[in-house]
Trainee: 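Let me begin by handing over the structure; questions about it come next.
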Amino acid sequence: MQIQESVLLAPYTSFKIGGVARWFCVVGDQFDALEAYEFAKNHQLKTFVLGGGSNILVSDEGFNGLVIKVVNKGIEVINNNDNDVLLKVASGEVWDEVVKFAVKNNWWGIENLSRIPGSTGAIAVQNVGAYGQEASKVIESVAVFNKETHQILNLPAANCGFAYRQSIFNSADKGKHIIFNIVFKLEKNGKPNLDYRDLKMKFQGQSPKPDQIRQEIIAIRDKKFPFPKEAKLGNAGSFFKNPILSPEAYQALKDRVLGEFGKEKVDELEKKKFLDSTILTAVKIVLKENQLNLVKVPAAFLIDLCGLKNLQSGGAGINPNQPLVIINQTGQATARDVLNLANIVRQTVLAKTGIELQFEPELIGF
Ligand SMILES: Cc1cc2nc3c(=O)[nH]c(=O)nc-3n(C[C@H](O)[C@H](O)[C@H](O)COP(=O)(O)OP(=O)(O)OC[C@H]3O[C@@H](n4cnc5c(N)ncnc54)[C@H](O)[C@@H]3O)c2cc1C
């Protein structure tokens, strides 16, 4: 395995932004991983594990350590019965190709996660979710290489700490593992998940197959997200997470919206908010029964409400079709431009609604 010096990271990210990695290597197996971590240890370097670079913002100064890009490949059916199939997928596989493969075979469980850029390993990191489906619902186990012990561990999903956009891999155990493969359990006789409003409307009274759902999801997503490879407008998907509020916090938000923007906007908010069953399951463990009426508020609505839809900072801008997304509008945006813009959004939304938005992409080298 080759360890390269001074590699520009911008081309490895979907934002097409970011400075140089002091060191950079590509790992395909545990032996490469071992070599990479030994090198980092000997040179006292920080490490960062890179997948497809579609959920990160790298600073203009780059990363003063070793970037480890995971590229192992392989999709294998390891069990197949009348009801379900177990699919073992290597981290370096492009996620959307995995979805395409499952849908082609008429297997259910990930069709709503179509057209999400990035690699398969990262799916477990932020428990990727979209249009009513979530990775944690189909993950059986995750095989990881431990940075300290150099052992391969097979973690059952129950030990991965999955919650809304969260797992042990981006919280308690952050930076401790390289995920090498994930086993997914997909159903053969599944049912369409049409919880999401646009899907429900499109397929009213019908029972669509996974491939029909996939096509519809692709059509919906293409209206909202510039797909970085094709649209040439770099971005990292949603830059802000949707806030999840207690009933009291939600009432306080409604009061603020009434005062600042009037009754009509409160009615709009009421229509747009939703109670998300996946969130409820995820947080049940830490909340008391009487606190379970959590409300997920679309951050895009709040950004739009605050008149920020066409905001720009240097080469970065808000995507008017989906204000959750910050785009590298000129192709020359710096990480500083993106962060300035994100901070203006955060401060304005906080000042006008009392809600503090959280960033979704990971900030590297800041
Ligand atoms: C247009 C667009 C739309 C998107 N839509 C969605 C969406 O609907 N829902 C959603 O949840 N996300 C969405 N995203 C975000 C992103 O696609 C996902 O988070 C994706 O899973 C990131 O994969 P990646 O391989 O690019 O990860 P990277 O950006 O490379 O890394 C993200 C994190 O995962 C870690 N990581 C990556 N690979 C490994 C590995 N093998 N082992 C250990 N750690 C690893 C990294 O260290 C980092 O912490 C979108 C992004 C874009 C650009």
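Just so you know, these numbers come straight off a predicted model, no measurement behind them. When a ligand or atom number is given, it counts from 1 through the structure's own listing order. Side-chain atoms are counted along with the backbone in the values below, which use heavy atoms only and exclude waters and symmetry mates.
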Trainee: Go through ligand 1 atom by atom and flag the ones less than 4.0 Å from a non-hydrogen atom of Arg221.
Mentor: 3 (C), 4 (C), 5 (N), 6 (C), 7 (C), 8 (O)
Trainee: Closer than 4.0 Å to some heavy atom of Ile178 - which atoms of ligand 1 meet that?
Mentor: 42 (N)
Trainee: Could you tell me which atoms of ligand 1, counted from 1 in the order shown, lie closer than 4.0 angstrom to a heavy atom of Ala236?
Mentor: 51 (C), 52 (C), 53 (C)
Trainee: Do any nitrogen or oxygen atoms of Ser119 come within less than 3.5 Å of a nitrogen or oxygen of ligand 1?
Mentor: yes
Trainee: For ligand 1, which atoms, with element, lie under 4.0 Å from some heavy atom of Gly53?
Mentor: 24 (P), 26 (O), 28 (P), 29 (O), 30 (O)
Trainee: Between Asn55 and ligand 1, is there a nitrogen or oxygen pair with a distance under 3.5 Å?
Mentor: yes
Trainee: Work out whether the distance between some heavy atom of Phe48 and some atom of ligand 1 is less than 4.0 Å.
Mentor: yes
Trainee: Which of the listed options, Pro117, Ala122, Gly51, holds the heavy atom that is closest to atom 17 (O) of ligand 1?
Mentor: Pro117
Trainee: Does ligand 1 come near enough to Ile116 that some N or O of the ligand is less than 3.5 Å from an N or O of the residue?
Mentor: no
Trainee: Applying side-chain hydrogen bond (donor to acceptor under 3.5 Å, both in side chains) between Glu111 and each of Lys209, Arg214, Lys100, Gln133, report the one that passes.
Mentor: Gln133
Trainee: Are Lys41 and Glu38 close enough for a salt bridge, meaning some N to O gap below 4.0 Å?
Mentor: no
Trainee: Establish whether Phe169 and Val70 are linked, either directly or via other cluster members, by ILVMFWY side-chain heavy-atom contacts under 4.5 Å.
Mentor: no
Trainee: When hydrophobic residues are tied together by side-chain contacts of less than 4.5 Å, even through go-betweens, does Phe24 share a cluster with Ile364?
Mentor: yes
Trainee: Within a distance under 4.0 Å of any heavy atom of Gly118, pick out the atoms of ligand 1 and give their elements.
Mentor: 23 (O), 24 (P), 25 (O), 26 (O)
Trainee: Check the angle between the aromatic planes of Phe145 and Phe180 and answer parallel, tilted or perpendicular using the 30° and 60° thresholds.
Mentor: perpendicular
Trainee: What do you reckon, does Asn235 have a nitrogen or oxygen under 3.5 Å from a nitrogen or oxygen of ligand 1?
Mentor: no
Trainee: When you compare ligand 1 with Arg115, is there at least one nitrogen or oxygen pair between them that comes in under 3.5 angstrom?
Mentor: no
Trainee: Val85 pairs by side-chain contact (heavy atoms from CB on, under 4.5 Å) with which of Phe184, Trp107, Trp108?
Mentor: Trp107
Trainee: Once you restrict to heavy atoms under 4.0 Å, what part of Val70 touches ligand 1? Side chain, backbone, both or neither.
Mentor: side chain
Trainee: Between Lys174 and Glu362, is the closest basic N to carboxylate O distance under 4.0 Å?
Mentor: yes
Trainee: Does any N or O of ligand 1 fall below 3.5 Å from an N or O anywhere on Ser238, backbone included?
Mentor: no
Trainee: Which of the atoms of ligand 1 are close to Leu50, meaning less than 4.0 Å from one of its heavy atoms?
Mentor: 30 (O)
Trainee: Backbone or side chain, does any N or O of Gly52 fall under 3.5 Å from an N or O of ligand 1?
Mentor: yes
Trainee: Any heavy atom of Asn170 closer to ligand 1 than 4.0 angstrom?
Mentor: no
Trainee: Salt bridge between Lys265 and Glu268, side-chain N to carboxylate O under 4.0 Å?
Mentor: yes
Trainee: Polar-atom distance check: Ser14 versus ligand 1, any N or O pair below 3.5 Å?
Mentor: no
Trainee: Which atoms of ligand 1 sit under 4.0 Å from any heavy atom of His177?
Mentor: 43 (C)
Trainee: Under 3.5 Å, N or O to N or O, is Ile179 touching ligand 1 that way?
Mentor: yes
Trainee: Are Leu66 and Val58 connected in a single hydrophobic cluster, I mean Ile/Leu/Val/Met/Phe/Trp/Tyr linked by side-chain heavy atoms less than 4.5 Å apart?
Mentor: no
Trainee: If two hydrophobic side chains count as joined below 4.5 Å and joins carry through other members, does Leu357 share a cluster with Val257?
Mentor: yes
Trainee: Name the orientation class of the two ring planes belonging to Tyr196 and Tyr131 (parallel below 30°, tilted from 30 to 60°, perpendicular beyond 60°).
Mentor: perpendicular
Trainee: Can you list the ligand 1 atoms lying under 4.0 Å from a non-hydrogen atom of Glu362?
Mentor: 48 (C), 49 (O)
Trainee: Hey, does Gly129 come in under 3.5 Å of ligand 1, counting only N/O atoms on both sides?
Mentor: yes
Trainee: Any Lys/Arg nitrogen of Asp32 or Lys69 sitting under 4.0 Å from an Asp/Glu carboxylate oxygen of the other?
Mentor: no
Trainee: Grouping I, L, V, M, F, W and Y whenever their side-chain heavy atoms are under 4.5 Å apart, do Val128 and Val183 come out in a common cluster?
Mentor: no
